[in-house]
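First the structure, in the form of structure tokens, and then the observations on it.
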Amino acid sequence: MPDEIPKLYEPRKYEAEVYKTWLDAEAFAAVPDDRANRYVIMMPLPNVTGALHMGHAMDNIMQDLLIRWHRMMKDNTLWMAGTDHAGIGTQAVIEKRLFELEGKTRHDLGREALVARIQAWKDEYRERIIRQQQSMGCSCDWKRQRFTMDEVCARAVREAFFRLFRDGLIYRGNRLVNWDCQLETAVSDDEIVYEKVQGHFYHIKYPVIDPKPGEPEHVVVATTRPETMLGDTAVAVHPDPAAAMEKKMASLRERMDGASKKERIEMKAELERIEERKRTHLPILLKLRDMAKDRRTVLLPLLVRPIPLIVDEWADPALGSGCVKITPGHDPNDYDVWSRHRNEIGVINILNTNGTLNENAGPYRGLDRFEARKKVAADLRTRGLLGEVEDREIEVGHSDRSKTPIEPYLSKQWFVRMGDVPGGIVCGAGTKKIFRAVGLAQACIDTVAPNYQSPSGKRLMFAPDHARYGGTYKAWLSEKRDWCISRQLWWGHRIPIWQVSKFGLDISAVLAGLPNASRDELWAWVTDAEGRIYGKPEVETLDPRERYDILVSLRNPAAEAKYAAALEAAGFAQDPDVLDTWFSSALWPMSTLGWPDPATAALDPGQRPLGPVHGRSDCLSYYYPGSCLVTARDIITLWVARMMLMGLYLMGDVPFTDSFIHANIQDGKGERMSKSKGNGIDPEDIIDKYGADAMRYVLCDMQTGTQDIRLPVQAMSPYTGELVDLATAKHGRSIFTYIDPDSGKEFDVLGSMPDLPAAKIISERFDIGRGFCTKLWNAARFTLMNLGEHKFTPIAPGRLAPEDRWILSRLSRVIAEVTDELRAYNPSAAIGAARDFFWGELCDWYLEIVKPRLKDEAAAPVVRTILSFALDQVLRLFHPFVPFITEVLWERLNAQCPVRGLTAPVHGSDLLINADWPTPHPNWEDTGIESEFGLLRDFVRGIRETRALHNIPPGRKLDALIKATGRSEKILREMRPLVAHLAALNSLEIGATVTRPAAAVGHVLGDIEVYLAGLVDADVERQRLSAKITKLLEDARKSEARLSNKAFVERAPADVVEKERQKLKDLRTQIDLIDAQLKLL
RNA sequence: GGGCGGUUAGCUCAGCGGUAGAGUAUCGGUCUUACACACCGGUGGCCGCAGGUUCGAACCCUGCACCGCCCACCA
């Protein structure tokens, strides 16, 4: 019964129940069927490192919005959920806890025990994440969810690795990698954050061995990391320092022309500096250059090791001493230098994996690198070989995971070859979408080219700004840097390679001794230290004295069972490393659908089958390629590009056609929300206080385009109950604690300090969403209360009142607008259009207008028909945004009025989630009635303004007289009852000859004069009219000025000029009318 | 150092060539029987600064300042 509906919507009463209803009805189920139109979203899999925050909530809500909308549009809709094992991230969390709580390292525990602990953590957080997503209302098909390390995904990883390896696109080689000395693993470039730290710039003297007369006794080199000198293998000087300096000066002069004044001053100073150096340094550099060509050496101090002078363009004669120390083992640039001088110099590694110095560091062996830095500097000083030490701010790369400085470190790593490959590569081998590309990165770049089409006719589009985000994607891929995929971790997919190192002499024999296996199960390559791969004919030409690696990949566990033992007996060992997390996530669009063979995927009990169903061969062929990838900017390179890579290479097609890049959520200070910063809000906190729909409403409303979102957060003080703004509050002893400004006491926002009370974090922003839900609830309440036992009967269009025609016209337009905005990935504009219609038009005007008709039994049925239909359509429109409340109201509407419609019946589906998305009805659209209502609304607002000005209570009915002619008169006459009702009028006289009554206040609206009788307050009226006329006169003056400007009249488009003339005319009419009124006062 | 964004009402953001907008806050007035988590009305802006293009600039161009992000590098 409608009178049971409470005044306030209480989300907590309904949300869990509604969600269960959806689950019971299998409303989220994705099953292939005969529909050709599909909509597929692969969820950006959350890491199991911790719980979700508002940034994730934004990501999930955007996906749910799109999914629910497409489901209502009757696409076969799949939203794939799952979680990521997040190799480094998760292992780092566990190792940190292990050390903090038990004082142990992973080596104390061993591989198996550590992995078991991580598993337990993963299970806990996976459950928590799913709970969070469900409380937000996420409608993913939970019976399909995957985990990147489950059996289905593991099989895909292994298969992908095998194919890439077989095709020579994965190789193993010596590379300088970013080494995390705490986690003892390589980390990728993307996992490094640069931080400014205070450091020193040391100048060191290397004595020249046997200097000849006139030659310098020392060369000076400089470094911020003096301990690396222990690994120096050369000192470089530029081969033609004079030319290099000239070139630099010429380039500076050229750039000066286009530069700003400030830059020009700097450049001029730089030019003068180089000019000076030509005098001071050039003769010495030329001498050193000649010495280098003469194969002369300098003495590496401390280790007393001679190292050669070499010539290389890396040495910049305009910088420092012009000489540069070369440490190929610990500096990327120096490594490049080494690669150009392999026959002259060597590579020395001075580090152990934990960041201490190794035996190559001689007396410094065993010292941590930072202690060694101090000691080396001190020892050099003692020997008089340390020059100037400058204080300098230096940017140091830190591992994003362990927060410790990374070291460039030479080690054997696995790589995916991104660059162009001689002869090209084959993509989509074994599929019908096979095509050739010059290389993996290029294949990905091609997908955003304007006229690109994949073999199935698809391409990649970024939204909402393709040029910008496509640019990010392209720029990153264009570097074509090989992708380091090995990690020295224990948590992850083990690299499926067995290897042995042998001299070239023995290679043939070892190869001949490999198990007699099919090439579909086992693949072997021979490779040298640099990763060069040798094919079968080349094996015969290998240097018999050099060592080479024989790498064997076993395709799957079956092959492993058959051959691994034999390999191990022959001296092969499995690679201890695991794959980069992104390797398995890159396969997500396929692995989740059962690639490479859906029919035989090892699913969990109760999961939906991936093989043949409903006449479709399998889920992979039905749901791949998907539709849209929803994520944040920083994921474009990390993940979007890599999914593209794997999709193109393995499937011959893009994994999705759209990539919707949404805003990042920031805190009140403009910093990106993250758990580690302590500024993350748990969506469940918000849901608990405001409801899931309120949160969703606000997130949708804030997703406007490319603008990141500031979400000022406050904590409820556990001491006073007052709100504390965290953007301005002072931190306590950690980033998770703050000082309550009122009591001066410290509180915690994350529950991280057992001895401190925790504060709940909230944000006032969500009041908006809660307010909206209340409004929707009450509008429905009003409708249901007035519907009674209404039964559908078709209405004749001729019986519609003007307000009916107006609201139906607006409804049709808004349906079209919301749909268009969603299609354009503009959730804020979509929800804004729906809200403006619902709140600003349906509630504020239509519901108010029809109240009298509802009391009139003759007029009521038509109104009831329209109200029930409008509610039906509004609930549908809002459902993707605020699914819970709309579903609750849908059930009530169904109960009371199961059949809705205007001219033909519309049956509501049992559940709104399964209802059809509304479609516009162009034949309802009526520009004329909309413009007439515009006049009506302006008119009513004018009277309300007058009432407010004269402090007339809304309850007091007024007598109004209106002087109007022409169209205005006609419209007002037609809408006379509406005007009287909305403006609370007692009587209303409309006519062309109306005159001002003796006691009245009046005002002017366009060409209409309005008098409210019985009111006398000439002062207020005069003041108001004067203010208005002043403004109008100013406008008219501007307009006149514009029209008297010849250039404007001649050059501006005719319609703009005409509009301006009309505007001036209208202004003058109003001015005259107001002027006349003023004179009467 | 290179690149990409941003700077609009106290706050959070739309608008992106033709008379400055929303929500919120704030100030008045209303418990007008759907909703006081509401309704009605008002106040509030040299649209970061300086030039330029244009008949016309918040909007296009150039420079500057500040904030943020990405990439590279600093021997």
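Residue numbering restarts at 1 for every chain, and letters A, B, ... go by the order of the sequence lines.
The pair A:Glu1040-A:Arg1037 fails the salt-bridge criterion, with no side-chain N (NZ, NE, NH1 or NH2) lying under 4.0 Å from an Asp/Glu carboxylate O. A salt bridge does not link A:Glu1034 to A:Lys1031: none of the charged side-chain nitrogens sits closer than 4.0 Å to a carboxylate oxygen. Looking at A:Asp767 and A:Arg770, a side-chain N of the basic residue comes within less than 4.0 Å of a carboxylate O on the acidic one, giving a salt bridge. At a threshold of 4.0 Å, the pair A:Glu945-A:Arg1024 counts as salt-bridged, since one of the basic side-chain nitrogens sits closer than that to a carboxylate oxygen.
A residue-by-residue look at A:Phe772 and A:Gly705 shows that A:Gly705 has its nearest nucleotide of RNA chain B further toward the 5' end. Residues A:Lys1063 and A:Ile768 each lie close to RNA chain B; by heavy-atom proximity, the contact nearer the 5' end of the strand is made by A:Lys1063.
Checked by atom type and distance alone, the side chain of A:Ser1039 never pairs as donor or acceptor with a backbone atom of A:Asp1035 at under 3.5 Å.
For the P atoms, the distance linking B:C39 with B:C35 amounts to 12 Å, nearest Å. Across B:A20 and B:C47, the matching P atoms stand 11 Å from one another, rounded to whole Å. A distance of about 34 Å separates the P atoms of B:C73 and B:C60, rounded to the whole Å. Here the separation of B:U26 from B:G18, taken at their P atoms, is 34 Å to the nearest Å. Rounded to a whole angstrom, the distance from the P atom of B:G15 to that of B:A9 is 15 Å. B:G63 sits 15 Å from B:G1 when the P atoms are compared, rounded to a whole Å. Using P as the reference atom, B:G23 and B:G41 are 11 Å apart when rounded to the nearest Å. A gap of 13 Å separates the C1' atoms of B:G10 and B:U43, to the nearest Å.
Residue A:Asn333 places its side chain closer to B:C74 than to any other of B:C74, B:C40, B:G23. Among the nucleotides B:A14, B:C4, B:U19, the one closest to the side chain of A:Asp1035 is B:U19.
The pairing partner recorded for B:A38 is B:U30, the criterion being a Watson-Crick or G-U wobble arrangement whose two distances lie under 3.5 angstrom. Pairing for B:C73 is absent, judged as Watson-Crick or G-U wobble with the two contacts each under 3.5 Å. Remark: B:C59 base-pairs with no nucleotide; criterion is Watson-Crick or G-U wobble with both hydrogen-bond distances under 3.5 Å. The pairing partner recorded for B:G10 is B:U24, the criterion being a Watson-Crick or G-U wobble arrangement whose two distances lie under 3.5 angstrom. If you check B:G68 for Watson-Crick or wobble pairing at under 3.5 angstrom, you find it paired to B:C4.
Using cut-offs of 30° and 60° on the angle between ring planes, the pair A:Trp338 and A:Tyr335 is tilted.
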So if I define the base as every atom that isn't primed, P, OP1 or OP2, how would nucleotides 28-35 of chain B read as a B/S/- string at a heavy-atom cutoff under 4.0 Å? --S-B-BB
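Within the 4.0 angstrom heavy-atom criterion, base atoms lie near A:Val1056. No engagement by A:Thr228 is indicated, since no non-hydrogen atom pair under 4.0 Å with the nucleic acid exists. Here A:Arg770 lies in heavy-atom contact (under 4.0 Å) with a base.
Interatomic distance, A:Leu699 CG to A:Met58 CE, rounded to the nearest 0.5 Å: 5.0 Å.
Summarising the local packing, NZ of A:Lys1028 is surrounded by more than 12 heavy atoms from other residues, nucleotides or ligands at distances under 6.0 Å.
Contact annotation: A:Trp839 reaches the phosphate of B:C39 (side-chain N/O to OP1 or OP2, under 4.0 Å).
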